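Quick caveat, the model's predicted, so the values are computed rather than measured. Every chain is numbered from 1 and lettered A, B, ... according to where its sequence line falls, protein lines coming before strand lines. Note: hydrogens, waters and symmetry copies are ignored here, and every other heavy atom, side chains too, is used.
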Amino acid sequence: MNTWLMKSEPDEASIDDLQRESRLPWTGVRNYQARNFMRDSMKPGDRVLFYHSSCAEPGIAGIAEVCSTAYADPTQFDPASPYFDSKSLTESPRWQLVDVRFVAKTPLLSLKRMRELPQLASLQLLQRGSRLSITPVTTAEWLALAPLLGVEP
DNA sequence: GCCAACGTTGGC
DNA sequence: GCCAACGTTGGC
């Protein structure tokens, strides 16, 4: 089983929203690398670290789980959506997504705190200039993160 | 709101 | 295929 870190702006979809809905499609990814992770590498059952970005307290706010294989992101075909992509054709959708289900809220592990911890220094999230919204987390990184999130690895 | 870093676009 | 211009991300 793989672990992923997925960023979401809490104004759009927070861990509380996911808890309420119990399951959400991960809409709006418009970056090829992030899409490829969902399309090619994510499997149902994979662990997701739910990260809040572009907010007062950026950090990991909970745990989720991939619960579908990849399929076409419907928002790319919706002219009313901010994620509409006029160049994406129905017969060859450009953007894909997976569904994610709620597992648990965690005490917020802030970006600031993560930057202070040497055992987390390898996280792709923390690399200079990194802004990919979906990044893989290694087993070693997950083992270092779990106790900080108050969960069993 | 600023701006560094990165990704995409399109002319050549 | 290069690369300048432009757009976006996201922390601060």
Between [N] ([atom2]) and [X] ([atom1]): distance, integer Å:
| X | N | atom1 | atom2 | result |
| --- | --- | --- | --- | --- |
| A:K112 | C:dG10 | NZ | C1' | 18 Å |
| A:Y32 | B:dT8 | OH | C1' | 9 Å |
| A:R35 | C:dT8 | CZ | P | 19 Å |
| A:Q33 | B:dG7 | CD | P | 6 Å |
| A:L126 | C:dT9 | CG | C1' | 16 Å |
| A:R131 | C:dG7 | CZ | P | 14 Å |
| A:E116 | C:dG11 | CD | P | 16 Å |
| A:D11 | C:dT9 | CG | C1' | 15 Å |

Which part of the nucleic acid, if any, lies within reach of A:S53 when heavy atoms closer than 4.0 Å are counted: base, sugar-phosphate only, or nothing?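 Touches sugar-phosphate only.
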
State whether A:K7 places a side-chain N or O below 4.0 Å from either non-bridging phosphate oxygen (OP1 or OP2) of C:dT9.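 False: A:K7 side-chain N/O out of range (4.0 Å or more) of C:dT9 OP1/OP2.
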
Answer yes or no: does a side-chain N or O of A:Y51 lie under 4.0 Å from OP1 or OP2 of C:dG11?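 Answer is yes, contact under 4.0 Å.
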
With a 3.5 Å cut-off and no angle check, do the side chains of A:Y71 and A:D99 form a donor-acceptor pair?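 Their side chains do contain a donor-acceptor pair, which is all the 3.5 Å distance test asks for.
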
For A:R30 and A:S88, does a side-chain donor sit closer than 3.5 Å to a side-chain acceptor?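 Side-chain D/A pair, A:R30 to A:S88: absent.
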
[X] side chain, from C-beta outward: closest of [options]:
| X | options | answer |
| --- | --- | --- |
| A:S133 | B:dT9, C:dG10, C:dG11 | C:dG10 |
| A:K87 | B:dG10, C:dC12, B:dT8 | B:dG10 |
| A:S54 | C:dG11, B:dT9, C:dG7 | C:dG11 |
| A:L111 | C:dC12, B:dG7, C:dG10 | C:dC12 |

When the side chains of residues 50-60 of chain A are checked against the rest of the protein, which donor-acceptor pairs come out under 3.5 Å, sequence neighbours left out?
{"from": "A:H52", "atom 1": "NE2", "to": "A:I15", "atom 2": "N", "distance (Å)": "3.1"}

Is any N or O donor-acceptor pair between the side chain of A:R30 and the base of C:dT8 shorter than 3.5 Å?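 Between C:dT8 and A:R30, which were checked side chain against base, a qualifying N/O pair under 3.5 Å is absent.
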
Expected output: side-chain A:R35 to main-chain A:R94 donor-acceptor under 3.5 Å: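 Yes; judged by distance alone, with no hydrogens or angles, the pair exists.
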
Would you call A:D46 and A:K43 a salt bridge, taking side-chain N to carboxylate O under 4.0 Å as the test?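 The answer is no: the pair does not qualify as a salt bridge.
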
